[in-house]
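Since the structure comes first, as structure tokens, the remarks are kept for the end.
Computed from heavy atoms alone, side chains included, the values below leave out hydrogens, waters and symmetry copies. Residue numbering restarts at 1 for every chain, and letters A, B, ... go by the order of the sequence lines. Values in this document were obtained by computation on a predicted structure and should not be read as measured data.
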2 protein chains.
Amino acid sequence: MGLTKSEIFTVQQNKISLLAKAFAHPARVAILQHLFNIDTCVCGDLVNEIGLAQPTISQHLKELKQLGLIQGNIEGTSVCYCINKENWTNMKETLSPFLNQDLSKKVTCC
Amino acid sequence: MGLTKSEIFTVQQNKISLLAKAFAHPARVAILQHLFNIDTCVCGDLVNEIGLAQPTISQHLKELKQLGLIQGNIEGTSVCYCINKENWTNMKETLSPFLNQDLSKKVTCC
DNA sequence: CATATTAATCGTAATATTGCAATGAACAAA
DNA sequence: TTTGTTCATTGCAATATTACGATTAATATG
């Protein structure tokens, strides 16, 4: 086994879990925070910033790019990464109904 | 390898990634949604509701319980699960600064 | 052209996660 | 006590993820 049974869940449930997976590793959280903190796009200083090897960072960047949360273009010898604003907003709109489910009616009965 | 290097990241980054991991599987998303949707606590109908075997559901419940997002008490032969309101609120407060980082200053420069 | 720089990709090893059959523990009911 | 019900735990197999050395590809620079 070890294979998630995506087909028995709704599209929304799968979407939420895929987006959450992006944040489910501290390196990816750190990468995204760094992309938010710097003024310009990042051009390769992520490897120095975070203490992981270059192929590892590259792999995390690839995952974030595949999800659309970041984007990157080739800029001479280096690649320029930045947050994809539109998709970041869409991500929040997908997660929001789930995270902000109504707690007021809930009774802590156990 | 295959071992996340938690020690090189901040406490906050690790905290965010651990919480995100709770939502990084559609079964756990479905379980939490179900606990929100029903009026009372759930007493074992999760296995019927979601199409996974009982040990699998039990395992996902255990992870959610360890994170504090749900709580459960023994109630006769069955166990009663519900959302832990306080910890759910805390979780949102932990994720919020990360998810709601300021996009307005960002320029999509690549 | 030769060399340096930067980042992606490949290959591989180690650990983590997912899923379930089998079993066990606790309790209720006959 | 015996049986049935419900859920946790164990043990195991399969897949996924994480990490990095080695290599490759692309482009600067001398």
My understanding is that only residues two or more places apart in sequence, or in another chain, count here; which of them pass side-chain hydrogen bond (donor to acceptor under 3.5 Å, both in side chains) with B/Lys65?
none
All side-chain hydrogen bond (donor to acceptor under 3.5 Å, both in side chains) counterparts of B/Ser58, not counting sequence neighbours:
none
Counterpart residues, side-chain contact (heavy atoms from CB on, under 4.5 Å), relative to A/Ala27 (two or more places apart):
A/His25, A/Leu52, A/His60, B/Phe9
Contacts of type side-chain hydrogen bond (donor to acceptor under 3.5 Å, both in side chains), residue A/Asn100, not counting sequence neighbours
A/Ser96, B/Lys92
With B/Gln13, which residues qualify under side-chain hydrogen bond (donor to acceptor under 3.5 Å, both in side chains), at least two apart?
A/Gln33, B/Thr10
Just grab all the salt bridge (Lys or Arg N to Asp or Glu O under 4.0 Å) pairs involving residues 18-34 of chain B, residues at least two apart or on different chains.
B/Arg28-B/Glu63
Using a cut-off of strictly less than 4.0 Å between a heavy atom of the residue and any atom of DNA chain C, enumerate the qualifying residues of residues 8-27 of chain A by number.
none
Taking side-chain contact (heavy atoms from CB on, under 4.5 Å) as the definition, give me every residue that meets it alongside B/Glu93, ordered by chain and number, with sequence neighbours left out.
B/Thr89, B/Asn90
Residues within residues 47-70 of chain B bordering DNA chain C, heavy-atom distance below 4.0 Å
B/Leu52, B/Ala53, B/Pro55, B/Thr56, B/Gln59, B/His60, B/Glu63
Would you say the side-chain atoms of A/Asn84 pair up with the backbone N or O of A/Leu69, donor to acceptor, closer than 3.5 Å?
no
Please determine if a side-chain N or O atom of B/Tyr81 lies less than 4.0 Å away from the OP1 or OP2 oxygen of D/dA8.
yes
